[in-house]
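A short worksheet on the structure shown next.
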Amino acid sequence: MPEHLNRVQISLLLEQPEDVPGGPEHLADCPECAREYEQMSRMRMALSGLPELEPPVGEWAAVQERLGLDPLRRPIGAPPWWQGARRVLQAAAVIALFAAGLMVGRRGAGQGDSPGPSALTTTAVPVEAGDPGSPGESSLAIQPAEAYLRTVADLQQLRDSFDESASRQPGPEAFAERITHLDAMIDASRDALREAPEDPVLNNFLFQLVDEREDLAGQLDQTLRMTAAEY
Amino acid sequence: MSDAQLIAAARAGDRRAMAALYSEHAGRVYSVVRRMVGDDHLAEDVSQDAWVRAFEKLHLFRGDSSFGTWMHRLAVNTALNRLRRQGKRPDVEATAHRQPGPPPADETILNQRLLGRALDQLSPGYRMVLVMHDVEGLTHEEIAERTGVAVGTSKSQLHKARARMRDLLSPARQRDEAGNHA
């Protein structure tokens with residue numbers, strides 16, 4: 001037996017003392033090795049009691065994304081007819097911003113001397129065509145409230161036509177197509193919300209779309225499973 | 001809802017059930033993966049891999065063991081596979097046979113942060129065996145089965161890993177490297 005046990009031997013003593021001939025006797029006679037034995041033992045206990053770590057923030061979202069389950073993922077290719085929907089949504093966002101600015105302006109004009117935006121100087125707001133980010137380029141001359149209501153009505157009309165077309169085509173392909181369209185609508189809604197994050201109509205619209213997509217994904221999965229089971 | 005019910009629902013595509021399974025076991029999965037691979041970024045990747053594989057292979061889960069056990073096994077195997085792919089194999093360090101130096105303070109040993117840091121400094125081979133045995137409670141037979149090494153090798157690696165850990169945790173580590181204490 002050497003003057004002291006090395007740490008490998010001391011670790012071995014924790015598990016299989018019989019594999020270290022003379023080891024237990026040495027521990028009894030050597031305070032330093034006995035102390036190391038004690039420390040090694042405590043380290044082993046501490047290791048077995050290490051707390052659970054928190055998983056990284058966003059891990060579940062990443063897992064969903066990799067599984068193709070993320071309801072807000074950006075579609076690879078939006079159907080062409082949804083370019084129109086995108087324009088409508090963006091127009092709604094611009095109008096919402098404009099209307100909000102108008103209200104602030106009126107309030108400011110009523111409270112002090114500084115001039116604010118006025119309804120009398122309202123410029124045109126495009127609703128259905130053109131670049132919604134450049135309201136001054138349009139020749140339409142309508143009040144923001146009217147334009148906003150019209151845009152909301154357009155949104156509803158788009159939604160109705162979408163629902164109608166979906167009801168005519170049952171089956172997995174229709175589900176998949178509908179989900180693709182919803183993805184495009186969600187994408188367009190999010191773009192519009194970047195312009196007007198507080199707009200209640202756009203927010204509500206997005207929430208409805210996300211919920212609907214979630215339900216549809218579940219239905220599609222069930223349909224696919226039933227179809228697979230039939231085979 | 002029990003794990004069995006959640007699994008049945010998750011298999012049917014119920015995303016809330018999948019989320020519930022994830023929430024219940026994510027901490028344990030990430031813990032074992034993080035400690036085995038010894039790196040935050042790699043652990044994030046491996047942990048995600050484990051969950052993606054789990055949901056893709058959920059239909060293979062027979063219920064012979066609990067979902068937690070199955071998931072833990074899958075997480076360990078995913079981490080091992082990643083380490084193998086990166087060429088990190090169990091190795092032997094010459095420092096393992098040092099004589100004990102001055103004992104570190106109790107609070108040092110018990111400080112979990114220091115323990116975690118020391119684990120990260122271990123060589124991958126030592127760390128895998130130490131984490132699987134001392135942290136996760138696997139037997140040498142289980143370690144041998146999963147890693148493909150002999151039971152004796154697993155034991156040998158464990159004792160060397162513990163010795164290295166003690167070395168890393170010792171404040172007088174550098175002094176200790178000079179030689180045996182008298």
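Of the listed residues A:Ala62, A:Gly49, A:Pro51, the one with more heavy-atom pairs under 4.5 angstrom with chain B than any other is A:Pro51. Listed options B:Glu56, B:Lys155, B:Arg35 were ranked by heavy-atom pairs under 4.5 angstrom with chain A; first place goes to B:Arg35. Comparing B:Gly27, B:Ala26, B:Gly137 by how many heavy-atom pairs each has under 4.5 Å with chain A, the most go to B:Gly27. Between chain A and the residues B:Val52, B:Val29, B:Leu130, the largest count of heavy-atom pairs under 4.5 Å involves B:Val52.
Among the candidates B:Trp51, B:Tyr30, B:Phe55, the single residue satisfying the ring pair (Phe, Tyr, Trp, His ring centres under 6.0 Å) test with A:Trp60 is B:Phe55. When the options B:Val76, B:Asn77, B:Thr78 are evaluated for a side-chain contact (heavy atoms from CB on, under 4.5 Å) with B:Leu74, the one that passes is B:Thr78. Checking B:Lys160, B:Arg162, B:Gln157, B:Met36 one by one against B:Val129, the side-chain contact (heavy atoms from CB on, under 4.5 Å) holds for a single residue, B:Gln157.
At a cut-off of 3.5 Å, with distance as the only test, no side-chain donor of B:Arg164 or B:Gln121 sits close to an acceptor on the other residue.
Of the two parts of B:Asp14, neither the backbone nor the side chain holds a non-hydrogen atom closer than 4.5 Å to a non-hydrogen atom of chain A. For chain A, no part of B:Ala43 is nearby; none of its heavy atoms comes within less than 4.5 Å. In this structure, the portion of B:Arg34 lying under 4.5 Å from any heavy atom of chain A is its side chain and not its backbone. Of the atoms belonging to A:Glu38, not a single heavy atom falls under 4.5 Å from chain B. Only the backbone of A:Glu54 comes within contact range of chain B, judged by heavy atoms closer than 4.5 Å.
In this structure, CD on B:Glu141 lies 8.0 Å from OG on B:Ser154, to the nearest 0.5 angstrom.
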| request: Give the C-alpha distance, both sets of side-chain angles, the deciding distance and a yes or no for side chain to side chain contact (heavy atoms under 4.5 Å, CB included) between B:Asp39 and B:Asp120. | output: CA-CA 7 Å; B:Asp39 175 83; B:Asp120 287 350; over 6 Å; no
| task | In sequence, state the C-alpha distance, the side-chain angles, and the governing distance for B:Thr147 and B:Met132, and then conclude on side chain to side chain contact (heavy atoms under 4.5 Å, CB included). | result | CA-CA 10 Å; B:Thr147 60; B:Met132 282 193 277; 3.5 Å; yes
